[in-house]
Amino acid sequence: MHFKYLIIIAGPTAVGKTDFAIRIAKHLGTEIINADSRQVYREMKTGTAVPSPFQLAQVRHHLVGHRSIHQQYNASLFELEAIEILDNLFTHSNAVIMAGGSGMYIKAVCHGIDDIPSVDPEIRERLQQEYLGNGLAGIQHRLLAVDPVYYKKADLNNPNRILKALEISEMTGRPYSSFLTGNAKERYFHPVRIGLDIPREKLHENINRRVDSMIAGGLVDEARNLYPYRGLNALNTVGYKELFDYFENKCSLDEAVKKIKDHTRQYARRQLTWFRKQKDTKWFLPDEDELVYSYVNETISRL
RNA sequence: GGGGAGAUACCAAAGCGGCCAACUGGGGCAGACUGUAAAUCUGCUGGCUGAUGCCUUCGUAGGUUCGAAUCCUGCUCUCCCCA
């Protein structure tokens, strides 16, 4: 029997995942599935550091720029799309690369997330208004009434979490917690997790350089064109929201650029927090190709 | 040269005799996270300590006081106004 392997390239932003993934994909003669929650939007290229046309020409990439910011997108949809592509790729390949920095998206593919109905935007909007009107305490009380089980374990300071639970509960007439099984979905492929990291100082340099080159590459214009859609979730993204403040004269361009760098560093840190928790990740420097190849071979032969 | 304002921790900025190791914001670090996840949320952030506590801090050198980041004096530096 042939095992199938999903080789995951994870790590903080600007560490060098894209290039690394291309090299390993070429080495293994396979393709890449992008696992980045913002690179899926075709309107946001400069600010999300999508692979360049040159990079895309070298190895086939999936789930890059295939969606519009005007469409709803989330981890569950990503799971669906990625699994479909994997089913396809695994028919003629034993290994597929998945590279990206969105930990939850990777988790959705490897572990699966529970099936929960999608929420009617109107319900979401109404609850959002209720939160704005009554504040955190208001929605906390509602959650206690609607789903005491979830209330107990929820992060009650996090409005997004509470709102999510209320949305689902209201939408379905069932408590949100009743949908949460925590069970892993059956997957026929094995994940091989590669983490890429470099010294923090170096990472910060990379981030600063990348942000500067995004600005030089036209990020301001890209963001200006998207400004009318700033309310969309897709645009609640580092690199855009800071420029929106600049467009609204809330700060200078230099200040906005500095904030993009700050926020990108913070994002990178959160990514590391997530990936470090994944204990079966093996960490490498982004130039340790040979070490990774032998690690992958070794791991595969042991499975 | 004359007059005025100010020097606080990585940065900004409160504090103006004891409740101050010092509000708050930023940054940094650590963490949480099952459909917004580049999102959202939490903790810590002078040193040593498990806790209690101890030690060294608010430009600098002295002084007043039971007690000073807070009052007084000298010095250094910064900024503003008039020459």
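Side chains included, hydrogens not; waters and symmetry mates left out as well; all remaining heavy atoms used. By convention in this document, chain letters (A, B, ...) are assigned in the order of the sequence lines, proteins followed by strands, and residues within each chain are numbered from 1.
- Between the P atom of rU40(B) and the CG atom of Leu143(A) lies a distance of 20 Å, rounded to the nearest Å.
- Listed by residue number, Lys241(A) are the residues of residues 241-250 of chain A with a heavy-atom contact under 4.0 Å to RNA chain B.
- Against the 90° criterion about 0, the sugar-base torsion of rG35(B) places it in the syn range.
- Within the structure, every side-chain polar atom (N or O) of Asn233(A) is placed at least 4.0 Å from both OP1 and OP2 of rG35(B).
- Taking 3.5 Å as the limit, the base of rU40(B) and the side chain of Asn158(A) contain a donor-acceptor pair of atoms between them.
- Here the separation of rA69(B) from rU52(B), taken at their P atoms, is 23 Å to the nearest Å.
- The partner of rC71(B), taking Watson-Crick or G-U wobble pairs whose two distances both stay under 3.5 Å, is rG63(B).
- Residues Leu56(A) and Val59(A) do not share a hydrophobic cluster, clusters being chains of Ile/Leu/Val/Met/Phe/Trp/Tyr side chains in contact below 4.5 Å.
- Partners of Tyr227(A) by side chain to side chain donor-acceptor pair (under 3.5 Å), not counting sequence neighbours, listed by chain and number: Glu248(A).
- Relative to the six-membered ring of Tyr240(A), Arg230(A) misses at least one condition, a distance below 6.0 Å or an angle of at most 45° to the axis.
- In this structure, the side chain to side chain contact (heavy atoms under 4.5 Å, CB included) partners of His190(A), at least two apart in sequence or on a different chain, are Phe3(A), Tyr5(A), Leu303(A).
- When the nearest nucleotides of RNA chain B are assigned to His111(A) and Arg200(A) by heavy-atom distance, the more 5′-ward of the two goes with Arg200(A).
- Across the C1' atoms, rU65(B) and rC81(B) are found 37 Å apart, a figure rounded to whole Å.
- Residues in residues 143-162 of chain A take part in no salt bridge (charged side-chain N to carboxylate O under 4.0 Å, His left out) pair, two or more places apart or across chains.
- Residue Arg161(A) places none of its side-chain N or O atoms closer than 4.0 Å to OP1 or OP2 of rC33(B).
- Residue Arg270(A) places no side-chain N or O under 4.0 Å from the OP1 or OP2 atom of rG31(B).
- The CD atom of Gln278(A) sits 15 Å away from the C1' atom of rA37(B) (whole-angstrom rounding).
- Tyr41(A) and Asp36(A) share no donor-acceptor pair across their side chains, judged by distance under 3.5 Å alone.
- Figure legend. rU24(B) is base-paired to rA12(B); pairs are counted as Watson-Crick or G-U wobble with both atom distances under 3.5 Å.
- Within the 4.0 angstrom heavy-atom criterion, only backbone atoms of the sugar-phosphate kind lie near Arg124(A); the bases stay farther away.
- Residue Phe179(A) is out of contact with every strand shown, counting any heavy-atom pair closer than 4.0 Å.
- Within 4.0 Å of Gln39(A), counting heavy atoms only, lies at least one base atom of the nucleic acid.
- For Ser294(A), the side chain to side chain contact (heavy atoms under 4.5 Å, CB included) criterion is met by no residue, not counting sequence neighbours.
- At a threshold of 4.0 angstrom between heavy atoms, the contacts of Tyr176(A) are confined to the sugar-phosphate backbone, with no base atom among them.
- Closest contact between the side chain of Arg269(A) and the listed nucleotides rU40(B), rA30(B), rG35(B) involves rA30(B).
- Residue Thr48(A) is in base contact, counting any heavy-atom pair closer than 4.0 Å across all strands shown.
- Using atom P as the reference point in both rU73(B) and rA12(B), the two lie 28 Å apart (nearest Å).
- Nucleic acid contact class of Thr237(A) (heavy atoms, under 4.0 Å, all strands): base.
- With rounding to whole Å, Lys107(A) atom NZ is found 16 Å from rA39(B) atom C1'.
- OP1 or OP2 of rA37(B) has not a single side-chain nitrogen or oxygen of Asn236(A) nearer than 4.0 Å.
- The partner of rG6(B) is rC77(B), by the rule that a Watson-Crick or G-U pair needs both atom distances under 3.5 Å.
- Thr181(A) comes within contact range of at least one nucleobase, with a heavy-atom separation under 4.0 Å.
- Heavy atoms of Gln266(A) sit under 4.0 angstrom from primed sugar atoms or phosphate atoms, though from no base atom.
- Checking rC41(B), rC33(B), rG27(B) against every side-chain atom of Arg265(A), the shortest atom distance belongs to rG27(B).
- The separation of rC20(B) from rC11(B), taken at their P atoms, amounts to 23 Å, rounded to a whole angstrom.
- Residue Lys164(A) is the one, among Lys164(A) and Gly47(A), whose nearest nucleotide of RNA chain B lies closer to the 5' end (criterion: closest heavy atom).
- Look at Thr273(A) and you won't find any side-chain N or O under 4.0 angstrom from OP1 or OP2 of rA30(B).
- One finds no side-chain N or O of Gln72(A) lying less than 4.0 angstrom from the OP1 or OP2 phosphate oxygen of rU36(B).
- Going from the C1' atom of rA30(B) to that of rG35(B) covers 27 Å, rounded to whole Å.
- Using a 4.0 Å cut-off, some side-chain N or O of His263(A) falls inside it from OP1 or OP2 of rG27(B).
- The side chain of Lys259(A) places no N or O atom within less than 4.0 Å of a non-bridging phosphate oxygen (OP1 or OP2) of rG27(B).
- Taking the six-membered ring where the residue is Trp, Tyr229(A) and His70(A) present perpendicular rings, their angle passing 60° and hence far from 30°.
- The separation between Gln128(A) atom CD and rA39(B) atom C1' is 12 Å, rounded to whole Å.
- For Arg200(A), there are no side chain to side chain donor-acceptor pair (under 3.5 Å) partners two or more places apart in sequence or in a different chain.
- Taking atom P in both rA5(B) and rG53(B), one finds a spacing of 41 Å when rounded to whole Å.
- Looking at the side chain of Asp115(A), the nearest of the listed nucleotides rG35(B), rC41(B), rA37(B) is rG35(B).
- Annotation: rC75(B) and rG2(B) have their P atoms spaced 13 Å apart (nearest Å).
- Side-chain nitrogen and oxygen atoms of Tyr105(A) include at least one within less than 4.0 Å of the OP1 or OP2 phosphate oxygen of rA37(B).
- In this structure rG1(B) sits in a base pair with rC82(B), meeting the Watson-Crick or G-U test at under 3.5 Å.
- The CG-P distance, from Leu156(A) to rC33(B), rounds to 15 Å in whole Å.
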Evaluate Leu136(A) against Asn157(A) for side chain to side chain contact (heavy atoms under 4.5 Å, CB included), listing each step before the verdict.
CA-CA 8 Å; Leu136(A) 192 57; Asn157(A) 284 314; 4.3 Å; yes

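- For the C1' atoms, the distance from rU78(B) to rU24(B) is 25 Å, rounded to whole Å.
- Looking at heavy-atom distances under 4.0 Å, Asn157(A) makes contact with sugar-phosphate atoms alone, never a base.
- Across all strands shown, Gly101(A) has heavy atoms under 4.0 Å from sugar-phosphate atoms exclusively, and none from any base.
- Under the 30°/60° scheme for interplanar angles, the aromatic rings of Tyr293(A) and His27(A) are found to lie parallel.
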